[in-house]
Every structure is written in structure tokens, then in C-alpha cells.
A.B. asks: 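Please see the structure below; I have some questions.
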Amino acid sequence: MPQIGEQRVSYAPTSVSDMAAASFDVGVAPLEGGARLAVATLVEGRAADAVVHEAAHVAADARLAVPAARVVWQDARVVVPLLLDAGVRLERVRDLRLVHRILAQARGMEAEERWSRPMRVEAEGLFSLAPEAEPVEALAQQLALQEAAIGEDAGLRMLAAAESMGGVLAVELSRQGLPFDRARHDALLVEALGERPPGGGRPRRMEALATQVREALAAPRLNPDSPQEVLKALKRAGVDVGSTSRWELAEHEHPAVEPLIEYKHLARLHTANGWSWAQRWARTDERGRTRLAIEYVPGGVVTGRWATEGSGAMQIARQIRGAIAAEPGMRLVVADAAQLEPRALAAIARDEALADAGRGTDLYRGLVDRGVVESRQQAKIGMLGALYGGTTGESAVVLPRLARAYPRAMGVVEAAARAGERRERVRTWLGRTSPLPPRWRDDERGIRQARAWGRFTRNFVVQGTAAEWALAWMAGVRRAIRDVEGAALVCFLHDEVIVQAPEAQADAVAESVREAAAEAGRLLFGGFPIDFPVQTAIVGDWGQAKD
DNA sequence: AGAGCATGCGCC
DNA sequence: AAAAGGCGCATGCTCT
């Protein structure tokens with residue numbers, strides 16, 4: 001089980017010595033102003049024929065060079081838009097920046113080192129590496145170093161390819177935007193929050209709830225958005241709470257509780273995905289199409305998951321998903337991978353019994369059918385407890401039964417947790433390495449911190465591997481739909497993708513999406529018999545896709 | 001006034 | 001003031 005325990009990759013991007021033969025043929029680097037590109041055919045790691053072209057000429061050159069060329073760049077955010085504009089088909093790519101992060105982490109810096117030089121690794125860019133070199137030669141140098149670090153590690157090699165394609169996908173998704181219907185969004189908001197008063201102020205339903213809360217607490221001037229004020233008012237009214245969080249409020253019987261919880265719910269929707277949010281992030285182009293501008297950050301999360309910047313687009317409230325609507329003549333193919341993380345765990349652990357329970361479409365149901373647990377709900381809680389390190393309540397009750405039924409799978413997450421508690425690093429299936437923990441003492445508090453870190457490493461292995469599968473899946477979807485006229489990936493959410501496709505093609509696209517999932521499973525886990533079922537829905541808007 | 005922390009929520 | 005992982009964001013509030 002290679003993903004548990006210490007593993008170091010030899011990778012020293014600060015010293016350029018090894019100019020080993022590179023297995024790529026075309027390098028692309030941005031030049032001053034970003035408008036021009038250097039394109040070179042590289043032979044044995046050296047630029048043999050470096051030439052500078054206008055972006056528009058790159059397409060022809062890139063194709064001309066070598067059919068199976070790998071295109072290499074320092075930063076997809078700079079280069080990929082130019083290549084896409086030039087019509088280049090990107091298939092085999094290497095994103096030096098993203099792969100550098102993975103290799104640098106695998107090589108491992110002491111926590112103190114990171115602390116004292118927090119920006120060092122990030123800032124260690126291509127041109128600081130080899131300032132004297134021509135851009136294309138510098139690309140070759142850094143690529144050679146990465147290749148040497150990856151060596152024969154097939155997992156890392158796959159991860160480098162997947163992460164790099166993730167860089168392309170993020171640019172493509174960000175450029176595409178998420179189809180958005182302003183009118184429908186407005187209607188959904190009015191339905192939930194009430195009309196907005198013309199002069200500004202709270203929407204009607206929110207204001208009504210605020211009034212109810214104020215009356216119930218005999219606090220006529222209370223600002224329900226201020227936890228401090230609310231807490232004081234609650235105490236004055238005899239509601240003995242330590243915070244205003246929902247779970248705690250719900251334990252009390254008081255006329256203020258229900259409207260307060262409802263108010264907070266609506267306030268959340270209003271601030272997170274309300275009118276000003278739409279105003280800020282929805283853009284209408286010259287063709288009259290409105291889309292949400294979403295900036296994806298591939299590898300933005302330690303585990304390898306993606307993040308978004310600004311729009312909060314990975315947390316779009318379910319209540320307004322109806323506003324994500326296909327454009328005229330189009331449909332949304334909404335696809336999500338069912339119980340992805342337990343399946344990833346089964347595959348990592350080579351746990352055939354758990355894989356068997358997941359055969360078909362519902363792994364949780366499979367656990368019930370095999371008599372491991374009594375209900376689907378129990379299966380879910382138990383499995384989440386195993387993945388997150390639950391120690392109390394229902395999951396503590398169910399966990400021993402899972403451990404008995406699936407000792408291999410549970411053994412992997414337990415081992416990952418123990419390794420983290422010992423301050424060891426763990427690895428995902430393909431080889432992404434967990435960071436080193438901060439230091440903790442040998443006292444009570446230190447033990448708590450160690451346990452917490454163990455829960456993190458436990459989850460890291462599974463969440464990170466699931467993220468790798470999702471990357472491979474999405475790359476497969478991209479490939480499958482590239483020649484479907486008008487079809488495009490428009491959304492990615494950890495284990496879910498949305499493709500917008502012409503109505504006539506939607507069925508075929510959905511089939512491709514399911515097939516890509518199976519393919520991703522084979523790519524990562526070889527012959528291990530694990531299913532990755534994908535629920536697909538072909539809908540007019542996201543709100544119609546029921547989980 | 002602005003930075004930074006704390007709180008609380010909702011997404012996976 | 002959560003239980004059980006990972007995030008991002010808005011708001012309130014304190015400190016400077």
C-alpha cells in the first residue's frame with residue numbers, strides 16, 4: 001500500500017544541472033506582454049529551432065511539429081488562452097507550475113522552513129530558475145528536472161498529466177462560464193426571500209421574520225445579523241444558549257427560535273447567492289448570452305481538489321440552481337459520481353468486498369442488502385464516520401460493523417490516521433503528498449491536535465484520490481465531447497460535472513460522460529473491479545436535476 | 001478607515 | 001459551542 005507512510009521524491013528545482021533528454025517536442029512560453037509565443041522544436045532537451053510567432057500562427061506550427069507533441073508551459077492561465085484563441089488542440093500537456101507544486105510537496109520541506117519562507121516555492125518560477133536561458137530552454141530545463149523527479153513512478157506520471165490537463169480544463173471552464181438566467185434567478189429569490197423594497201433594505205419575508213424575532217425577544221431595535229446582539233437578547237429572554245448557531249438554537253423551545261433560524265437561512269441565501277451576487281458575477285456577452293464568470297483554481301485545496309476564486313461558485317445554493325439554465329436549443333447534462341469517496345477507498349485498499357457492495361448504482365444500499373447495516377442512512381453515517389474519523393454518536397455505533405465487513409478498506413483509513421498522528425506524511429493513490437503538520441506538544445492539547453491531524457490524513461488519502469479520479473473523468477469527458485459541435489463543459493464540482501449540449505446530442509453526451517467514468521476507473525485502478533456509476537440527468541435547468 | 005479575526009453557513 | 005474531513009464568503013466586531 002504505497003500511499004501510506006513517508007515517501008520522498010528527489011526534486012531540487014533550485015539547482016539546474018541535469019539537462020537530460022526531454023520527451024517533448026514543443027515548448028510554449030509567454031513573452032513580454034503575453035501577446036507573442038515562443039515555439040520551438042526541442043531535441044534532446046535543447047531548443048533546436050526556436051522561433052517566435054504571433055499567436056495566430058501557433059496552431060499551424062504546433063500541429064506541424066510532431067503529431068504526438070507534448071506542449072509545455074509554465075502557467076496555463078497565461079498561455080492556454082492564447083493557444084485556444086489560435087485554435088490549438090491540446091492533448092498532451094505539462095503544466096510546470098502545477099506539477100512543480102506537487103513535486104515540491106512530495107520532496108517535503110520542514111514545516112519551519114515553510115513558515116520562514118512561505119512564498120518561496122510558489123515564487124520559484126521558471127525565469128528565476130534560469131534567468132539567462134531563453135524561455136524555451138528554461139522550459140526544457142525545468143521539464144527535465146521534473147521528469148527526473150518523476151522517474152519511473154507511474155502514479156506520479158499519471159498525476160502530472162492529470163493535473164496539467166486540469167490546468168487546461170480550468171481555463172476552458174472559466175472562459176466558458178456557467179449559463180445563467182437572470183430572470184429565473186430573480187424569481188427564485190423573490191419566491192424565497194420576498195420582494196425587495198424599492199428603496200433598499202431587507203426583502204419582505206426577511207423583514208417580516210426579523211420583526212417576529214424582535215417581538216418574541218422584546219427587543220425592538222435588535223439587528224438579527226449581529227450574533228452578539230442576538231445572543232444577548234436571547235439570554236435576556238431566558239433562552240440559555242452559548243452561541244447563535246442553528247444546532248444550538250434548535251435545542252430550545254421559544255417563539256423566537258423558529259423565525260430566527262428561518263431568518264438566518266434566508267439571510268445566508270440573500271448574501272451568498274442573492275441579487276448583488278448575481279449583479280457582480282453574471283456577465284452578458286455581445287451575443288446576449290448570460291453566464292456566471294467563475295475562476296477555477298485547480299489544485300487550490302491541499303488534497304488536490306479545486307477551489308474557486310471570488311464567486312463562491314462551488315457553493316451555489318441548491319435553492320437557486322434553477323437559474324443555471326440551458327440556452328435556447330441546448331440542454332444541460334448534469335452528471336454526478338455516486339458515492340465517489342467510498343469507491344475510491346475500496347479501490348485504494350483493493351477491498352473486493354466493499355467493491356462488491358458498490359456494484360451497481362448505490363453503494364449504501366449495497367451495504368444494507370449485505371446485512372452490514374440496517375438502513376441506508378446508517379450506511380451513510382457509518383461510511384462518513386470512517387472517512388472523516390467520527391468517534392461519537394451513530395457513526396461510533398456503526399463503525400465496528402463496517403470494520404468487520406471491510407477490514408481492508410477500514411485498515412487503510414485507520415493506518416492513514418495513525419500515520420498522521422505520528423506526524424508521518426501520507427499519499428494519495430497517484431502520489432500527492434500530505435503536508436507536514438505544525439508542531440504540537442506532548443500534553444493533553446497536543447494529543448488532541450495529533451488526533452485532529454490524524455483525521456485530516458485519514459481523509460486526505462480518500463478525498464485526494466477521489467479528486468484524482470475526478471480529474472481523469474473530466475479529462476475523459478473533455479476528449480469525448482470535443483468533436484460534438486456546440487457541446488462544452490460548463491461546471492465542475494468535485495464529483496459532478498455539467499455539460500451544455502445541443503438538444504439532439506444530449507443523450508450521446510450523457511452516454512459519453514458515463515463511459516468516461518468507467519474509463520477513469522480503469523486508468524487509475526487497472527483491473528480492480530470497482531464501479532464508478534454516474535447519475536446523469538438531461539435537463540433544462542440545474543434545479544430539475546434531483547439527486 | 002482598513003486589516004484581520006471570529007462567527008456562521010452551505011457546498012462537496 | 002459540536003459531533004466528523006475539505007473549502008469560500010459575508011458580516012460583525014476589534015484592533016490599530
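As the structure is a prediction and not an experimental result, all values here were calculated from the model. Every chain is numbered from 1, with letters handed out A, B, ... down the list of sequences.
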A.B. asks: What is the distance, rounded to the nearest whole Å, between atom CE of Met474(A) and atom P of dC12(B)?
C.D. replies: 16 Å
A.B. asks: Within a reach of under 6.0 Å around CD of Glu251(A), are more than 12 heavy atoms found that belong to other residues, nucleotides or ligands?
C.D. replies: yes
A.B. asks: Can you give me the bend angle of the helix from dA1(B)-dT16(C) to dC12(B)-dG5(C)? Use the axis through the first five pairs and the one through the last five, nearest 10 degrees.
C.D. replies: 10°
A.B. asks: Taking any heavy-atom pair under 4.0 Å as a contact, classify Leu269(A): base, sugar-phosphate, or nothing.
C.D. replies: nothing
A.B. asks: Write down the distance between CG (Asn273(A)) and C1' (dC9(C)), rounded to a whole number of angstrom.
C.D. replies: 10 Å
A.B. asks: Check side chain to side chain donor-acceptor pair (under 3.5 Å) between Asn459(A) and all other residues, then give those that pass, not counting sequence neighbours.
C.D. replies: Gln463(A)
A.B. asks: Please determine if Arg202(A) and Asp225(A) form a salt bridge, counting it only when a charged side-chain N lies under 4.0 Å from a carboxylate O.
C.D. replies: yes
A.B. asks: With distance as the sole criterion, is a donor-acceptor pair present between the side chains of Thr290(A) and Thr284(A) under 3.5 Å?
C.D. replies: yes
A.B. asks: Verify whether one side chain among Gln176(A) and Arg291(A) offers a donor that lies under 3.5 Å from an acceptor in the other.
C.D. replies: yes
A.B. asks: In chain order, what residues pass the side chain to side chain contact (heavy atoms under 4.5 Å, CB included) check against Arg455(A), with sequence neighbours excluded?
C.D. replies: Arg451(A), Ala452(A)
A.B. asks: Under 4.0 Å, heavy atoms only, any strand: does Gly393(A) hit a base, just the sugar-phosphate, or nothing?
C.D. replies: nothing
A.B. asks: Between Ala233(A) and Leu222(A), which heavy-atom pair has the shortest distance, and what is it?
C.D. replies: CB-CD1, 4.0 Å
A.B. asks: Taking only heavy atoms on the protein side, list every residue of residues 166-191 of chain A lying under 4.0 Å from any atom of DNA chain C, sorted numerically.
C.D. replies: none
A.B. asks: If the condition is salt bridge (Lys or Arg N to Asp or Glu O under 4.0 Å), which residues does Glu262(A) pass it with, not counting sequence neighbours?
C.D. replies: Arg205(A)
A.B. asks: Could you tell me the separation between the NZ atom of Lys264(A) and the P atom of dA10(C), rounded to a whole number of Å?
C.D. replies: 17 Å
A.B. asks: Salt bridge or not for Glu229(A) and Arg236(A), using N-O below 4.0 Å?
C.D. replies: no
A.B. asks: Suppose you measure atom C1' in dT7(B) against the same atom in dA1(C); what distance do you get, rounded to whole Å?
C.D. replies: 11 Å
A.B. asks: Residues from residues 220-234 of chain A sitting under 4.0 Å of DNA chain C, heavy atoms only?
C.D. replies: Asn223(A), Asp225(A), Ser226(A), Gln228(A)
A.B. asks: Table please: side-chain donor-acceptor pairs of residues 190-200 of chain A below 3.5 Å, with sequence neighbours left out.
C.D. replies:
none

A.B. asks: Provide the distance between the two P atoms, one in dA2(C) and one in dG6(C), to the nearest whole Å.
C.D. replies: 15 Å
A.B. asks: From CZ of Phe492(A) over to C1' of dG8(C), roughly how many Å is that when rounded to an integer?
C.D. replies: 16 Å
A.B. asks: Taking salt bridge (charged side-chain N to carboxylate O under 4.0 Å, His left out) as the cut-off, I'd like each qualifying pair that reaches into residues 380-404 of chain A, sequence neighbours left out, listed once.
C.D. replies: Glu374(A)-Arg401(A)
A.B. asks: Who are the side chain to side chain contact (heavy atoms under 4.5 Å, CB included) partners of Ser395(A), not counting sequence neighbours?
C.D. replies: Ile381(A)
A.B. asks: Side-chain contact, heavy-atom cut-off 4.5 Å: Trp306(A) with Leu173(A)?
C.D. replies: yes
A.B. asks: Check this for me: Asp443(A), atom CG, are more than 12 non-hydrogen atoms of other residues, nucleotides or ligands nearer than 6.0 Å?
C.D. replies: yes
A.B. asks: Grab the CD-C1' distance between Gln339(A) and dC12(B) for me, whole Å please.
C.D. replies: 14 Å
A.B. asks: What is the distance from CD1 of Ile498(A) to P of dC12(B), rounded to the nearest Å?
C.D. replies: 11 Å
A.B. asks: Can you build the contact string for nucleotides 1-7 of chain C? Use B for base contact, S for sugar-phosphate-only contact, and - for no protein heavy atom under 4.0 Å.
C.D. replies: BBSBBBS
A.B. asks: With a 4.0 Å cut-off, would you call Glu468(A) and Arg427(A) a salt bridge?
C.D. replies: no
A.B. asks: On a whole-Å scale, what distance lies between the C1' atoms belonging to dA4(C) and dC12(B)?
C.D. replies: 14 Å
A.B. asks: On the 0 to 90° scale, with breaks at 30° and 60°, tag the Trp429(A)-Phe525(A) ring pair as parallel, tilted or perpendicular.
C.D. replies: tilted
A.B. asks: Does the side chain of Arg246(A) get closer than 4.0 angstrom to OP1 or OP2 of dG10(B) through an N or O atom?
C.D. replies: yes
A.B. asks: Please state how far atom CD1 in Ile320(A) lies from atom P in dC9(B), giving the value in whole angstrom units.
C.D. replies: 19 Å
A.B. asks: Can you sort out the partners of Asp541(A) under salt bridge (Lys or Arg N to Asp or Glu O under 4.0 Å), two or more places apart, ordered by chain and number?
C.D. replies: Arg184(A)
A.B. asks: I want to confirm an ordering. Mapping His270(A) and Thr308(A) to their closest nucleotides on DNA chain C, which one lands closer to the 5' end?
C.D. replies: Thr308(A)
A.B. asks: Find every protein N or O atom lying less than 3.5 Å from an N or O atom of nucleotides 1-3 of chain B, and list the pairs.
C.D. replies:
none

A.B. asks: Would you kindly give the NZ-to-C1' distance between Lys380(A) and dC12(B), to the nearest whole Å?
C.D. replies: 12 Å
